[in-house]
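Okay, so here's the structure we're looking at.
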Amino acid sequence: MSKDYYEVLSVARDASAGEVKKAYRKLAMKYHPDRNPDDKEAESLFKECTEAYEVLSDEKKRQIYDTYGHEGLKSSGYSGPGNFEDVFSSFGDIFGDLFGFGGGRSRGHKDGPVPGNDLRYDVNISFMEAVHGVSKEVELSRRDTCWTCEGTGSRPGHPKKTCPSCNGRGQVIRSQGFFQVSSTCPQCHGEGDIITDPCTDCDGSGLVHKSKLVAIKIPAGVDNGARMRLRGEGEGGRKGGPSGDLYVIVHVEDHEFFMREGDIIFARLPVSMVNAALGANIEVPTIHGKKKLEIPAGSQSGERFTLRNEGVPRLRGGGRGNMIVELQVLTPTNLCEEQINVLKDFDSLCQKHGQQKETESFFGRLFNEVMGKK
């Protein structure tokens with residue numbers, strides 16, 4: 001199959017093992033041959049999604065595929081899942097869960113490696129740490145593989161025994177009319193074997209609680225809600241299975257001056273009435289340091305100016321966004337008598353030179369419009 005496996009299952013390239021399995025279960029339910037008898041198209045789609053799941057659910061095959069693609073898998077000897085009997089043998093646990101009956105296909109017991117569970121960790125960082133990137137070391141308490149029993153759960157030298165209730169199948173079958181219905185064995189819980197002498201370090205679970213320092217490198221430009229995946233930093237596996245993954249969810253604190261939208265930084269810049277009227281060269285704080293901004297004479301509140309490349313570093317593609325500065329002209333308060341008199345003189349000069357006519361004309365038109373509607 002030359003199609004992209006991730007597109008076939010409709011999952012992201014960083015999808016967890018659980019997400020991959022969930023997507024496959026949905027498609028297998030839809031295209032399963034028992035639900036679509038004599039439908040060649042459904043049969044083809046079923047084989048297609050099964051092949052994608054077989055590769056993406058296997059850590060080694062997935063790594064080869066992510067690095068070298070389909071040709072890499074062929075070079076490693078992989079040739080697909082084979083015929084339907086091979087499919088049912090390999091994924092019997094999934095089909096047993098989906099359809100709940102044997103149908104002549106036995107469900108193999110779970111004696112193979114069991115991957116560890118994925119974990120989630122929420123990390124809080126400051127606005128500036130998100131902009132410039134930061135490395136943090138966190139201590140995680142998690143269940144890790146018991147190295148005394150190597151994750152088997154049995155005391156060394158005391159192997160497990162085949163479950164007498166299901167004879168190692170992990171399933172018990174009972175008849176209901178014309179059908180045979182299979183269910184998880186209540187004695188071995190689907191494992192196919194039972195522990196007769198549990199490991200004393202893990203009490204037979206195959207996992208022990210451990211604390212570990214994990215280094216988290218957060219790249220420059222990360223945004224609030226971003227999800228980072230650390231492979232192999234989740235819970236330990238059992239029976240030689242790989243460790244799960246750790247998903248780090250980033251929470252970015254707000255900033256008192258800067259606001260962010262994607263790679264663009266927004267800021268309101270307070271300026272005096274005099275600087276706005278006469279124009280000025282003002283030093284503006286940016287996330288990368290101070291920057292000179294020339295404000296032209298007669299600038300008004302709400303006017304915006306762009307500072308190129310003073311925004312957030314782009315995670316993909318390189319470079320930086322821009323910074324948008326919005327002027328906020330400040331009205332003076334707590335005036336002394338001398339200042340009040342100066343402003344009154346200034347207002348008289350404005351009226352003398354006709355600089356108030358535009359404002360008066362605007363309010364006059366507005367008043368006439370309102371009165372005309374009554």
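Excluded from the calculations below are hydrogen atoms, water molecules and symmetry mates; all remaining heavy atoms, backbone and side chain alike, are included.
Using a 4.0 Å cut-off between charged nitrogen and carboxylate oxygen, E54 and K61 count as a salt-bridge pair. Checked for salt-bridge contact, R238 and E191 meet the test: a charged N lies under 4.0 Å from a carboxylate O. Checked for salt-bridge contact, E139 and K212 miss the test: no charged N lies under 4.0 Å from a carboxylate O. The residues K47 and E51 are annotated as not salt-bridged, no charged nitrogen and carboxylate oxygen being separated by less than 4.0 angstrom. Using a cut-off of 4.0 Å between Lys/Arg side-chain N and Asp/Glu carboxylate O, D4 and R13 are scored as salt-bridged. Between R227 and E19 a salt bridge is recorded (basic side-chain N to carboxylate O distance below 4.0 Å).
Not counting sequence neighbours, the partners of E310 by the side chain to side chain donor-acceptor pair (under 3.5 Å) test are T286. For the salt bridge (Lys or Arg N to Asp or Glu O under 4.0 Å) test, residues two or more places apart in sequence or in another chain that qualify with E235 are R143.
Between H70 and Y5, the two ring planes are perpendicular [angle over 60°; tilted spans 30° to 60°]. Ring geometry, Y24 versus Y53: the interplanar angle falls under 30°, so the pair is classed parallel (tilted spans 30 to 60°).
For R268, the CZ atom sits in a loose shell: 12 or fewer heavy atoms of surrounding residues, nucleotides or ligands are nearer than 6.0 Å. The environment of CD in E41 is sparse: at most 12 heavy-atom neighbours from other residues, nucleotides or ligands sit within 6.0 Å. Within 6.0 Å of the CG atom in D345, the count of heavy atoms belonging to other residues, nucleotides or ligands exceeds 12.
Of the residues I249, V248, L246, D245, the one that meets the side chain to side chain contact (heavy atoms under 4.5 Å, CB included) test with R120 is I249. Evaluated for a salt bridge (charged side-chain N to carboxylate O under 4.0 Å, His left out) with D197, the options R155, K160, K161 yield exactly one hit, R155.
Ring to ring, Y247 and Y121 are not that close: their centroids are 6.0 angstrom or more apart.
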